[in-house]
Every structure is written in structure tokens, then in C-alpha cells.
Peer 1: 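Shown below is the structure under consideration.
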Amino acid sequence: IYMARKMYREAVEMYQQMPQDSHVAWNKIGIAYHQLGQLKLARKSYERSVKLNPRYAEAINNLGTVAYAQRSYRRATNFY
């Protein structure tokens, strides 16, 4: 609900209450940070998600989106 209402900080707090070994939770935390414009925190969250599940395509794609936003086009292409 917080994400739909664009209350991203509150969404991060709620997602952090989820199990810390959940790759889905870390990806959602990354999305919330991404929406806040905090790309470094978003990248770290996506990386944690990928570390927990190396085949989780959504988090890998989101890493590409962060790289693209940072104008690192070659890295972005590799993630995509």
C-alpha cells in the first residue's frame, strides 16, 4: 500500500520487517530506494537480492536500470 501511495520511506521500513533472507524483500527495498533517487542504496539492495538468489532476473534487470541511470551503459547492457 505504501508503494502505491508513493510513501517509499515507509515502504522500506515495512519491507525491512520481512525475513532478511528473502531475495524478494531486498528487491522491493531496492525499488523503494530507487524511487527515492537513492541509487547507491538501491544498488546495494539489488545486489543483496542477487546474492541470495543469483537467478532472480528482476533484481538483475534492476541493477541494469541503476547502471543506466548512472550513465554506465556498458554495465547496464551486461545486466540486461
Side-chain angles (χ1 to χ4, degrees):
I1 295 173
Y2 287 128
M3 290 294 283
R5 293 183 180 170
K6 298 184 180 184
M7 300 170 71
Y8 302 118
R9 293 203 188 285
E10 292 82 358
V12 168
E13 291 173 9
M14 293 303 294
Y15 290 137
Q16 287 175 339
Q17 293 176 11
M18 293 175 71
Q20 294 297 301
D21 61 348
S22 170
H23 63 279
V24 174
W26 282 105
N27 187 57
K28 290 179 183 270
I29 290 169
I31 292 169
Y33 280 133
H34 202 146
Q35 291 296 321
L36 288 168
Q38 297 178 347
L39 297 180
K40 187 174 182 181
L41 291 173
R43 181 178 48 83
K44 287 184 179 188
S45 298
Y46 296 142
E47 288 172 348
R48 180 94 182 255
S49 177
V50 171
K51 185 176 181 181
L52 291 169
N53 183 354
R55 299 180 59 85
Y56 189 46
E58 188 173 338
I60 296 168
N61 185 70
N62 289 338
L63 281 169
T65 304
V66 169
Y68 187 85
Q70 294 174 331
R71 297 181 183 206
S72 181
Y73 303 119
R74 188 169 303 240
R75 275 186 74 205
T77 301
N78 288 335
F79 285 122
Y80 293 141

Peer 1: Would a hydrophobic clustering, with Ile, Leu, Val, Met, Phe, Trp and Tyr connected at side-chain separations under 4.5 Å, put Met3 with Met14?
Peer 2: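 Per the 4.5 Å side-chain linkage, Met3 and Met14 are not co-clustered.
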Peer 1: Of all the heavy-atom pairs spanning Ile60 and Pro54, show the shortest one and how long it is.
Peer 2: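 For Ile60 versus Pro54, the nearest heavy atoms are CD1-O, 3.5 Å.
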Peer 1: Just how far is it from atom CD1 of Ile29 to atom OG of Ser45, taken to the nearest 0.5 Å?
Peer 2: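 Here the interatomic distance stands at 5.5 Å.
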Peer 1: Scan residues 6-31 for pairs that pass salt bridge (Lys or Arg N to Asp or Glu O under 4.0 Å), counting only residues two or more places apart or in two chains.
Peer 2: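 Passing the test, one end in residues 6-31: no pairs.
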Peer 1: Tell me every residue that passes side chain to side chain contact (heavy atoms under 4.5 Å, CB included) with Thr77, counting only those two or more places apart in sequence or in another chain.
Peer 2: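 Checked Thr77 against side chain to side chain contact (heavy atoms under 4.5 Å, CB included); zero matches.
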Peer 1: By ring pair (Phe, Tyr, Trp, His ring centres under 6.0 Å), which residues pair with Tyr73, not counting sequence neighbours?
Peer 2: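 Result, ring pair (Phe, Tyr, Trp, His ring centres under 6.0 Å) vs Tyr73: Tyr68.
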Peer 1: List for me each residue that meets side chain to side chain contact (heavy atoms under 4.5 Å, CB included) alongside Asn78, sequence neighbours excluded, and say none if there are none.
Peer 2: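 With neighbours one apart ignored, the set is Arg74.
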Peer 1: Minimum heavy-atom separation for Ala42 to Val66, with atom names?
Peer 2: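 Shortest heavy-atom contact: CB-CG2, 4.4 Å.
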Peer 1: What pairs meet the ring-ring contact (aromatic ring centres under 6.0 Å, His included) rule with one or both residues in residues 7-35, with sequence neighbours excluded?
Peer 2: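 The answer is His23-Tyr56.
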Peer 1: Give a yes or no on whether Val12 and Leu41 share a hydrophobic cluster (residues Ile, Leu, Val, Met, Phe, Trp, Tyr; joining criterion: side-chain heavy atoms under 4.5 Å apart).
Peer 2: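 Linked, Val12 and Leu41 end up in one cluster.
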Peer 1: Would you name the heavy atoms of Ala25 and Pro19 that are closest together and state the gap between them?
Peer 2: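 Shortest heavy-atom contact: CB-O, 4.3 Å.
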Peer 1: Using only atom types and a distance under 3.5 Å, with no angle test, would you say the side chain of Ser22 pairs donor to acceptor with the backbone of Met18?
Peer 2: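 Looks like no, no N/O pair under 3.5 Å.
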Peer 1: Tell me whether the count of non-hydrogen atoms from other residues, nucleotides or ligands lying under 6.0 Å of CZ in Phe79 goes above 12.
Peer 2: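 Yes, the 6.0 Å shell around CZ holds more than 12 heavy atoms from other groups.
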Peer 1: Rounded to the nearest 0.5 Å, how far does CG of Asn27 lie from CG of Leu52?
Peer 2: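 Reported value, rounded in 0.5 Å steps: 11.0 Å.
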Peer 1: Can you list every pair that meets salt bridge (Lys or Arg N to Asp or Glu O under 4.0 Å) and has a residue in residues 46-67, with sequence neighbours left out?
Peer 2: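 Sorted pair list: Arg43-Glu47.
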Peer 1: Indicate, with yes or no, if Ile31 and Val24 share a hydrophobic cluster defined by side-chain heavy-atom contacts under 4.5 Å among Ile, Leu, Val, Met, Phe, Trp and Tyr.
Peer 2: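 In one cluster with Val24: Ile31, no.
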Peer 1: Is any side-chain heavy atom of Thr65 closer than 4.5 Å to one of Tyr46?
Peer 2: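 SC-SC contact between Tyr46 and Thr65 ruled out.
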